[in-house]
Amino acid sequence: MEQQKKRTHLHQWNSCRLDRCGSVYILTLTGEGDHRFNPSSLDDILAALTVVERSPEAGALVTTNEGRYFSNGLDLKWVQNSGSLSSLGVIRNKFEGLLSFMMKLGIPTIAAVCGHAAAGGFMLALAHDYRFMKNGRAVLYMSELDHGMNMPRSLMSVIRSKLLPASLREVVLKARKFTAPEAFEYGFVDGFYDDSAKTVEVSIGEAAKLASSKWKRESYANLRAGAFPGVIEELEAQRDPYVWPKGSKL
Amino acid sequence: MQRDREETIMCTLEKRGGVYVLTLTGDGEHRLSPILIDSIQAALRQVRSDPSPGSALVTTAEGRFFSNGFDLNWAQAAGSSFLERLRHMVDKFQQIVADLFSLPMPTIAAVSGHAAAAGFMLAISHDYVLMRKDRGFLYMSELDIGLPFPDYFMGLMRSKIGAARARRDVVLRAAKFTAARAVEDGIIDAAHDSAGETVEAAMRLGEELAGRQWKGEVYAGIRKASFPEVCEVLGLVETKKTTTATASRL
């Protein structure tokens with residue numbers, strides 16, 4: 001199947017843009033900043049994903065970034081400036097909604113990680129089915145432990161679904177910074193390439209290959225949910241984030 | 001930790017720099033009898049009660065054995081009450097595993113010899129497992145002896161032994177793993193030339209982790225969040241509620 005190399009721009013939001021390359025839809029986190037998640041950026045990303053979900057021609061999704069950061073996670077400055085105690089809960093809930101949307105999307109998803117991905121940014125990458133990464137100074141880093149922040153059970157379910165036990169320990173209990181080759185060795189990155197352009201090119205190529213199987217969306221979403229059981233349920237359950245009462249299904 | 005009776009000391013606790021060292025003493029098999037379990041529990045209680053941040057625990061043993069499991073001789077001495085005595089040790093040991101899973105600091109097992117059955121479980125209840133490669137096996141003997149696994153043993157193995165084939169060999173084949181093979185199969189982290197070197201490496205790792213100055217409660221919280229199934233089986237209930245989660249998805 002001939003790959004269409006021509007990219008069509010579809011829409012631009014403040015925080016992201018959507019393009020398509022044949023049946024591959026490309027979501028880019030735009031700008032030179034660290035693409036932090038706050039209510040407006042999360043709304044933009046969700047809007048873009050909704051376009052993808054509603055486009056029957058969309059056969060696969062590639063998510064990537066401009067600049068030196070994939071994403072540094074939740075916008076804690078926004079939380080501080082908001083002056084409200086519930087702000088962290090607000091963006092966490094929205095972020096859970098984003099991850100849940102990703103886990104329910106009925107097409108293959110690939111993260112083309114072309115910059116640092118820390119905390120929520122790393123989680124967003126993990127919520128994709130595949131990860132390709134640019135080899136260089138960029139690292140994958142679950143920073144919560146270093147910042148003295150507890151890990152909510154909903155977000156932990158995403159992490160645990162994609163990491164082997166030994167990797168899990170290194171990632172969350174050691175807050176280790178993984179370069180692309182290290183992440184590849186530990187099995188949570190599927191390939192790494194010399195520069196952003198190559199990383200994105202490979203990602204689009206893989207996405208096109210996956211899209212060409214023309215899998216039924218309902219089947220794909222179902223199988224993903226079965227392969228990673230309990231994740232969507234945890235993300236949507238609105239439970240107290242740090243409590244695991246007896247009898248909980250996790 | 002001394003027993004105030006005429007029995008031999010069963011384990012000692014010391015602190016070297018930022019690292020607590022719990023040593024099962026003497027040349028015997030360090031069978032997990034009710035008395036030894038009590039001694040270990042007392043030592044862990046003492047570790048937990050020390051408020052200094054930036055600590056780690058190394059657990060090791062003297063002699064040719066790390067631990068050969070429950071004291072089955074003691075159980076058998078009771079004749080018809082064998083199962084009752086065995087159950088008593090199973091229940092008591094569950095407390096140790098729970099204590100290790102909730103310990104507010106990184107934990108390292110320096111496996112200095114054979115670790116079988118509950119002794120193997122004691123090792124993998126730690127965050128990191130280092131072992132000597134010149135002698136000694138990891139071995140789940142239950143199948144060979146004709147005993148079933150307690151629920152929490154299975155939970156531990158499912159959580160800490162990620163590779164399905166390795167887990168099958170451990171439980172369904174009663175395979176004896178040298179340190180080298182255990183590293184290869186992802187059961188332990190590293191193999192060292194001798195017991196002395198294993199302990200030294202464990203101390204170095206302990207100092208490194210203690211040096212990260214992580215908040216103990218956050219570390220324990222993330223550890224529990226990483227292994228919720230085991231913690232559920234262990235009856236570890238997290239009752240600390242943090243900021244109230246907002247229910248709306250704006």
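No hydrogens, no waters, no symmetry mates; every other heavy atom, side chains included, goes into these values. Chain A is the first sequence line, chain B the second, and so forth, proteins listed ahead of strands; every chain is numbered from 1. Quick caveat, the model's predicted, so the values are computed rather than measured.
Side-chain contact between Met151(A) and Ser226(B): absent, with no pair of heavy atoms (C-beta onward) separated by less than 4.5 Å. Annotation: side chain of Met156(A) is in contact with side chain of Ile222(B) (closest heavy-atom distance under 4.5 Å). Contact annotation: the side chain of Arg169(A) approaches that of Tyr128(B) to within less than 4.5 Å [non-hydrogen atoms, C-beta and beyond]. In this structure, the side chains of Arg153(A) and Lys224(B) stay at 4.5 Å or more apart for every pair of heavy atoms.
When heavy atoms are compared at a cutoff of 4.5 Å, Leu164(A) does not approach chain B at all. Residue contact with chain A, scored on non-hydrogen atoms closer than 4.5 Å, involves the backbone of Ser159(B) exclusively.
Using a 4.0 Å cut-off between a side-chain N of Lys or Arg and a carboxylate O of Asp or Glu, Arg212(B) and Asp146(A) qualify as a salt bridge.
No more than 12 heavy atoms of other residues, nucleotides or ligands shown are found within 6.0 angstrom of NZ on Lys215(B). The neighbour count for Glu14(B) CD, taken as heavy atoms of other residues, nucleotides or ligands under 6.0 Å away, is above 12. Other residues, nucleotides and ligands contribute at most 12 non-hydrogen atoms within 6.0 Å of the CZ atom of Arg165(B). The local environment of CG in Asp91(B) is crowded, with over 12 non-hydrogen atoms from other residues, nucleotides or ligands closer than 6.0 Å. Within 6.0 Å of the CZ atom in Arg68(A), the count of heavy atoms belonging to other residues, nucleotides or ligands does not exceed 12.
Closest approach of Leu205(B) to Lys174(A), counting heavy atoms only: CD1-NZ, 4.4 Å.
In this structure, CD in Glu144(A) is found 13.0 Å from CH2 in Trp214(B), a value given to the nearest 0.5 Å. Atom CG of Leu145(A) sits about 7.5 Å away from atom OH of Tyr219(B), to the nearest 0.5 Å.
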